[in-house]
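These notes concern the structure reproduced below.
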Amino acid sequence: MTDSLRLGELVERLVSAEIRFVAVGGLAVGAWGHVRATKDLDLVPDPSKENLERLVTLLRDLDGKVEVGEGLLTGDAIPTFVKSGDRTLVLTSLGRVDVIQGHPQIPRYEELEAAAATVEIEGLPVRVCSLDHLLQMKRASERPRDRDDLEALEAIRESHNPER
């Protein structure tokens, strides 16, 4: 397990395992032009049974442990948490993966996927949430980092759509 994010390797493993997801959070912020450090990969997975099973298998293969409060649960807990449809933070050998489902401030996968853009991360295609969805999520948050992101992303949106 590691606290440092090895994003390229993590994305490669997700793509190789054919896991369908939309990236949100810091990766999406960077994809839309506001580059900042991120300590995890925030993703909203396709909730189909088969896709969640592939995600669980990958997280376990990466020696994942579920972070709960100040503690860590073994990889055996991953299926229970991921399949519950709630938010699950998993610390893996390639960094933290925040599996976001059922969070009131985050649109459902189907909605995110319909509007998502494809970006390349180390030559691999990754779906990231639309700028509109990202702005919506940042507006719903009270964290200082999200407020900073919101200001920068709104400026980026304005520069791309000056008539708005």
Side-chain angles (χ1 to χ4, degrees), residues 1-67 72-75 77-79 81-103 105-138 141 143 145-146 148-149 152-153 156:
M1 291 183 306
T2 181
D3 280 334
S4 64
L5 180 62
R6 293 168 30 202
L7 184 61
E9 291 176 69
L10 186 53
V11 166
E12 180 178 5
R13 295 290 299 269
L14 287 161
V15 170
S16 294
E18 299 180 0
I19 297 166
R20 292 180 306 278
F21 67 94
V22 175
V24 297
L27 178 62
V29 169
W32 287 108
H34 178 54
V35 180
R36 66 160 170 82
T38 185
K39 295 180 181 179
D40 63 5
L41 173 59
D42 301 304
L43 60 87
V44 177
D46 175 339
S48 71
K49 180 181 177 187
E50 299 80 16
N51 193 64
L52 291 180
E53 286 173 358
R54 287 190 298 270
L55 178 59
V56 164
T57 297
L58 176 63
L59 293 172
R60 290 174 93 179
D61 288 350
L62 295 174
D63 300 320
K65 304 224 182 316
V66 177
E67 289 191 37
L72 293 174
L73 301 178
T74 68
I78 294 172
F81 278 82
V82 169
K83 292 177 182 178
S84 74
D86 290 328
R87 186 175 191 175
T88 305
L89 188 58
V90 182
L91 183 60
T92 75
S93 59
L94 299 178
R96 284 186 169 83
V97 178
D98 193 353
V99 181
I100 305 171
Q101 305 175 86
H103 197 281
Q105 298 162 328
I106 309 290
R108 296 171 45 91
Y109 171 80
E110 295 79 10
E111 184 180 345
L112 289 171
E113 172 56 31
T118 301
V119 299
E120 281 195 16
I121 306 271
E122 297 196 16
L124 298 166
V126 176
R127 300 288 283 166
V128 297
C129 67
S130 70
L131 182 55
D132 286 341
H133 279 134
L134 188 55
L135 288 166
Q136 172 188 333
M137 290 181 266
K138 295 297 181 180
S141 177
R143 296 184 317 174
R145 177 181 7 185
D146 289 325
D148 293 343
D149 289 346
L153 291 167
I156 289 166

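Just so you know, these numbers use all the heavy atoms, side chains as well, and skip hydrogens, waters and symmetry mates.
Between Tyr109 and the options Val22, Ile100, Leu43, a side-chain contact (heavy atoms from CB on, under 4.5 Å) holds for only Val22. Partner of Ile19 under the side-chain contact (heavy atoms from CB on, under 4.5 Å) criterion, out of Val56, Leu14, Asp46: Leu14 alone.
For the atom pair OG (Ser141) and CZ (Arg143), the distance works out to 5.0 Å, reported to the nearest 0.5 Å. The distance from atom CG of Leu10 to atom CG of Leu124, rounded to the nearest 0.5 Å, is 11.0 Å. Here CG of Asp98 is found 14.0 Å from NZ of Lys39. Values are rounded to the nearest 0.5 Å. Summarising the geometry, atom NZ belonging to Lys65 is positioned 10.5 Å from atom CZ belonging to Arg60; distances are rounded to the nearest 0.5 Å. Rounding to the nearest 0.5 angstrom, the gap separating the CE atom in Met137 from the NE2 atom in His103 is 11.0 Å. Annotation: the span from Thr118 atom OG1 to Arg127 atom CZ amounts to 4.0 Å, rounded to 0.5 Å.
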For Asp86 and Gln101: C-alpha separation, side-chain torsions, deciding distance, then whether side chain to side chain contact (heavy atoms under 4.5 Å, CB included) applies. CA-CA 5 Å; Asp86 290 328; Gln101 305 175 86; over 6 Å; no
Could you check Val90 against Leu62 for side chain to side chain contact (heavy atoms under 4.5 Å, CB included), going step by step and ending with a plain yes or no? CA-CA 10 Å; Val90 182; Leu62 295 174; over 6 Å; no
Take Val126 and Leu27 through the test side chain to side chain contact (heavy atoms under 4.5 Å, CB included) and record every step on the way to the result. CA-CA 10 Å; Val126 176; Leu27 178 62; 4.2 Å; yes
Let's go through Leu112 and Ile106 carefully: what are the C-alpha distance in whole Å and the side-chain angles of both, what is the deciding distance for side chain to side chain contact (heavy atoms under 4.5 Å, CB included) to 0.1 Å, and is it a yes or a no? CA-CA 9 Å; Leu112 289 171; Ile106 309 290; 4.2 Å; yes
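Between Arg54 and Thr57, every side-chain heavy-atom pair lies at or beyond the 4.5 Å cut-off. Taking the side chain as every heavy atom from C-beta outward, Val11 and Glu122 never approach each other to under 4.5 Å. You'll find the side chain of Thr88 stays beyond 4.5 Å of the side chain of Ile78, heavy atoms only. A 4.5 Å side-chain heavy-atom check between Pro47 and Arg108 finds every atom pair outside the cut-off. Looking at heavy atoms from C-beta onward, Gln105 lies out of side-chain contact with Gln136 at the 4.5 angstrom threshold. Put simply, the side chain of Leu41 does not reach to within 4.5 Å of the side chain of Leu94, judged on heavy atoms. Two residues are said to be in side-chain contact when any heavy atoms from C-beta on lie closer than 4.5 Å; Lys138 and Val29 meet this criterion. Side chains of Val99 and Phe21 form no contact here, defined as non-hydrogen atoms less than 4.5 Å apart.
Scanning all heavy atoms of the two residues, the minimum distance from Leu134 to Cys129 falls at CB-SG, 3.8 Å. Heavy-atom minimum distance, Ala28 versus Ala23: CB-O, 3.8 Å. The minimum heavy-atom distance linking Ala115 with His133 is given by the pair CB-CE1, 3.8 Å. Minimum interatomic distance between Ala117 and Trp32 (heavy atoms only, all atoms of both residues): CB-CZ2, 4.1 Å. Minimum interatomic distance between Val128 and Ala31 (heavy atoms only, all atoms of both residues): CG2-CB, 4.0 Å.
Side chain of Ser16 to backbone of Arg13: no donor-acceptor contact under 3.5 angstrom is found.
Note on Arg20 versus Glu113: no salt bridge recorded, every NZ/NE/NH1/NH2 to OD/OE distance being 4.0 Å or above.
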